[in-house]
Engineer: 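For reference, the structure I am asking about is given below.
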Amino acid sequence: MKPNTETLLLHISRVRQLTPRIRAYELKPQTPGTNLPLVSAGSHIAIPVLLADGKQDVRNYSICSNPTQRDFYEIAVLLEEKGGGGSQFIFDNFQVGTQLECEPPTNNFQLHADASPAVLIAGGIGITPIMAIAHTLAARGRRFNIHYAGRSKSSMAFIEELELLFPRNITYYAADQEQRLDIMHLLADAPSNALFYACGPQKMLADIETSARMLGIAKDRIQIELFTTEVSNKNTALVLELAYANKFIKVDPDQSLLNAVRDAGIDTNFDCCVGDCGTCAVKILQGEAEHRDHVLSEEQKAQGYICLCVSRAKGDKLVLAL
C-alpha cells in the first residue's frame with residue numbers, strides 16, 4: 001500500500017442482508033464518541049482479509065453511506081462466486097463486534113465541484129460509490145439521474161433506500177424483465193455539459209468508453225470505476241523478469257501481476273487494485289502490455305507503463321523496471 005502512518009481502529013456495529021449475496025457492514029470507531037475522518041463521495045476503504053491459502057491481503061470497498069456521516073462508514077460486500085476468497089472470508093468471519101484495523105479511506109473517483117448535471121450509471125454492486133455520489137449531489141442541489149442495472153430487482157442492493165431518497169432521479173433496468181440499459185442512447189441523450197460517473201462490470205465500462213468515443217464525448221467528462229478484482233479466466237501463464245531485483249517470476253493464469261510481484265517479496269506501491277488509480281503503474285523494459293486499466297493516458301501507455309493490478313501481457317513475458 002501507499003505509505004501511511006495513520007490507522008483507523010474500527011468495529012462492526014451492524015450487519016444487514018441486502019440480497020442473498022450482498023451484505024452491508026456498518027463500521028464504527030472502537031472508541032465511542034469519536035468521529036471518523038471526513039470522506040468525499042466515491043471514497044473506498046481497504047479491508048484486511050485472510051485468503052483461503054492463508055495469505056493476508058486487503059479488499060477495497062466503496063463507502064456507500066452519506067459522506068457527511070461521521071460516526072460510521074457503511075460498505076456493501078458481494079459474495080463473489082469465483083473470486084479470490086476475500087468476500088468469502090468477510091461473509092464467514094465478520095459479525096457485530098468484529099474489530100478491524102484499516103488505513104484511512106482514499107478516493108480515486110472524485111466528484112466535480114461545479115454545477116454541471118451528472119449522469120450516474122451503476123451495474124450490480126457498482127451502486128455502492130454511486131450511492132455516496134447521489135447523496136452529495138442531492139445535498140448540493142445539483143441535477144442528476146441514476147441508471148441502475150442488474151440481473152433482477154431482487155439481486156440489486158439498496159432498492160428501498162434509493163426509492164425513498166431519490167424517487168425522481170432513478171431508473172432501473174432488470175435483465176430478468178427484459179429491461180436493457182442502452183449505453184449509446186443514454187450518452188447521446190444526456191445534456192451537452194453533463195458529466196458521467198459509472199461503476200460496474202468491465203463489459204459495461206468498456207461499452208461506455210466505446211460509446212463515448214463514437215459520440216465524441218471528451219474523456220475528461222467520464223469517470224469510471226471497476227467493481228471487481230476477479231482475474232479473467234482467459235488469461236494464460238507468463239513470466240515476469242524484474243530487471244533491478246534480478247528475479248524471474250512465473251505468473252499463473254488466475255494470478256494478477258501485482259500479486260505475483262508481491263508474493264515474490266517485492267515492495268511495490270498499490271491502492272485500488274481495480275485499475276482506477278495508477279498507483280501500481282511501472283515501466284515495461286521489454287514486452288507489450290494488454291492494458292485493462294481506466295487511468296493511464298495514451299502517452300503513458302506509449303511510454304511503456306502498465307498497471308500491474310489488472311493488466312496483462314500480449315506475449316508470454318514482460319521485463320519490468322522493478
Side-chain angles (χ1 to χ4, degrees), residues 1-31 36-37 43-64 72-106 108 124-125 128-129 157 226-233 235 249-277 279-280 307-310:
M1 294 288 277
K2 294 180 291 186
N4 197 322
T5 58
E6 300 178 77
T7 57
L8 296 179
L9 301 179
L10 307 170
H11 74 277
I12 296 173
S13 55
R14 187 186 182 199
V15 179
R16 294 193 289 153
Q17 192 78 39
L18 302 179
T19 75
R21 292 179 52 221
I22 302 175
R23 287 181 189 166
Y25 296 88
E26 187 179 275
L27 311 176
K28 282 190 172 182
Q30 290 183 24
T31 304
L36 291 167
S43 293
H44 65 264
I45 188 167
I47 302 296
V49 295
L50 183 66
L51 304 182
D53 59 7
K55 293 178 182 176
Q56 296 278 350
D57 208 340
V58 296
R59 291 292 184 267
N60 289 287
Y61 293 101
S62 296
I63 296 172
C64 49
F72 71 86
Y73 299 142
E74 187 172 59
I75 62 172
V77 179
L78 169 69
L79 181 61
E80 297 282 3
E81 295 174 333
K82 298 179 181 179
S87 62
Q88 187 68 63
F89 175 81
I90 291 174
F91 265 57
D92 290 346
N93 294 279
F94 283 20
Q95 56 189 332
V96 173
T98 299
Q99 297 188 348
L100 303 171
E101 184 174 346
C102 305
E103 293 188 356
T106 56
N108 308 308
I125 195 64
T128 50
L226 184 69
F227 74 68
T228 180
T229 59
E230 289 185 18
V231 179
S232 170
N233 57 14
N235 291 338
I249 301 171
K250 181 182 177 182
V251 184
D252 295 327
D254 60 351
Q255 186 180 31
S256 71
L257 306 187
L258 176 62
N259 284 342
V261 168
R262 292 174 60 210
D263 290 346
I266 303 300
D267 186 17
T268 185
N269 289 337
F270 70 99
D271 186 11
C272 74
C273 295
V274 292
D276 287 331
C277 68
T279 304
C280 67
C307 285
L308 298 179
C309 64
V310 292

Engineer: Looking at CD of Glu26 and CD of Glu74, how far apart are the two atoms once the value is rounded to the nearest 0.5 Å?
Structural biologist: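 With rounding to 0.5 Å, CD (Glu26) is 6.5 Å from CD (Glu74).
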Engineer: Could you tell me if Thr106 and His44 have a donor-acceptor pair between their side chains, going purely by distance under 3.5 Å?
Structural biologist: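 Yes, side-chain donor-acceptor contact under 3.5 Å.
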Engineer: Between Asn235 and Gln255, is there a donor-acceptor pair closer than 3.5 Å when you use the side chain of the first and the backbone of the second?
Structural biologist: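 No, the answer is negative, given that no donor and acceptor are paired below the 3.5 Å cut-off.
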Engineer: Between Cys309 and Gly275, which heavy-atom pair has the shortest distance, and what is it?
Structural biologist: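 Result for this residue pair: SG-N, 3.2 Å.
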Engineer: Taking all non-hydrogen atoms of both residues, which atom of Ser43 and which atom of Pro105 are closest, and how far apart?
Structural biologist: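 Between these two residues, the closest heavy atoms are CB-CB, 4.3 Å.
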Engineer: Minimum heavy-atom separation for Lys28 and Ser13, please, with both atom names.
Structural biologist: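 Heavy atoms only, the tightest pair is CG-OG, 3.3 Å.
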Engineer: If we check side-chain hydrogen bond (donor to acceptor under 3.5 Å, both in side chains) with Arg262, which of these qualifies: Thr268, Asp267, Asp57?
Structural biologist: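 It is Asp57, the one option of Thr268, Asp267, Asp57 that forms the side-chain hydrogen bond (donor to acceptor under 3.5 Å, both in side chains) with Arg262.
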Engineer: Please report the interatomic distance CG(Leu51) to CD(Gln88), rounded to the nearest 0.5 Å.
Structural biologist: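 That separation rounds to 11.5 Å.
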Engineer: Under the 3.5 angstrom rule, does the side chain of Thr128 hit a backbone N or O of Ala76 as a donor-acceptor pair?
Structural biologist: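 Side chain of Thr128 to backbone of Ala76: no pair is present.
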Engineer: Any non-hydrogen side-chain atom of Leu100 less than 4.5 Å from a side-chain atom of Tyr25?
Structural biologist: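 When only atoms from C-beta onward are counted, Tyr25 and Leu100 do not touch, as no gap falls below 4.5 Å.
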Engineer: Quick check: do Pro48 and Phe89 have side-chain heavy atoms less than 4.5 Å from each other?
Structural biologist: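 No - every pair of side-chain heavy atoms lies 4.5 Å or more apart.
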Engineer: Does the His11 side chain pair with the main chain of Pro29, one donor and one acceptor, at a distance under 3.5 Å?
Structural biologist: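 Yes, the answer is positive, given that a donor and an acceptor are paired below the 3.5 Å cut-off.
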Engineer: Looking at CG of Leu8 and OG1 of Thr31, how far apart are the two atoms once the value is rounded to the nearest 0.5 Å?
Structural biologist: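 Going from the CG atom of Leu8 to the OG1 atom of Thr31 covers 11.0 Å.
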Engineer: Testing the basics here: between Gln30 and Leu10, what is the closest heavy-atom pair and its distance to 0.1 Å?
Structural biologist: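 Where Gln30 meets Leu10 most closely, the heavy atoms are NE2-O, 3.0 Å.
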Engineer: Would you indicate whether the side-chain heavy atoms of Tyr61 and Val77 approach each other to under 4.5 Å?
Structural biologist: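 Yes, close enough: below the 4.5 Å cut-off.
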Engineer: Can you name the one residue among Asn93, Val15, Ile12 that meets side chain to side chain contact (heavy atoms under 4.5 Å, CB included) with Thr98?
Structural biologist: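 The residue from Asn93, Val15, Ile12 that satisfies side chain to side chain contact (heavy atoms under 4.5 Å, CB included) with Thr98 turns out to be Ile12.
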Engineer: Considering all heavy atoms of both residues, which atom of Val251 and which atom of Ser256 are nearest to each other, and what is their separation?
Structural biologist: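 Minimum heavy-atom contact is CG1-O, 4.1 Å.
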Engineer: Can you tell if the side chain of Leu50 reaches within under 4.5 Å of the side chain of Gln56, non-hydrogen atoms only?
Structural biologist: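 Result yes, sub-4.5 Å side-chain heavy-atom pair found.
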Engineer: From Ile125 CD1 over to Leu78 CG, what is the distance, rounded to the nearest 0.5 angstrom?
Structural biologist: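 Reported value, rounded in 0.5 Å steps: 5.5 Å.
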Engineer: Measuring only between side-chain heavy atoms, which start at C-beta, is Cys273 closer than 4.5 Å to Val58?
Structural biologist: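 No, too far: nothing below the 4.5 Å cut-off.
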Engineer: Hey, what do you get for CG (Leu257) to CD1 (Ile249), rounding to the nearest 0.5 Å?
Structural biologist: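 So the gap between those two atoms works out to 9.5 Å.
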Engineer: Roughly how far apart are Asp271 CG and Cys277 SG, rounded to 0.5 Å?
Structural biologist: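 That separation rounds to 4.5 Å.
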Engineer: Hey, is the main chain of Leu9 close enough, under 3.5 Å, to the side chain of Glu101 for a donor-acceptor pair?
Structural biologist: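 Judged by distance alone, no pair lies under 3.5 Å.
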Engineer: Arg23 side chain to Phe91 main-chain N or O, any donor-acceptor pair under 3.5 Å?
Structural biologist: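 Such a contact is found between Arg23 side chain and Phe91 backbone.
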Engineer: Please give me the minimum heavy-atom distance between Arg21 and Glu80, naming the atom from each residue.
Structural biologist: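 Shortest heavy-atom separation between Arg21 and Glu80 comes out as NH2-CA, 4.1 Å.
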Engineer: May I ask you to decide if Cys64's main-chain N or O and Ser62's side chain share a donor-acceptor pair within less than 3.5 Å?
Structural biologist: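 No.
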Engineer: Between Leu27 and Ile47, is any pair of side-chain heavy atoms under 4.5 Å apart?
Structural biologist: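 Yes, their side chains come closer than 4.5 Å.
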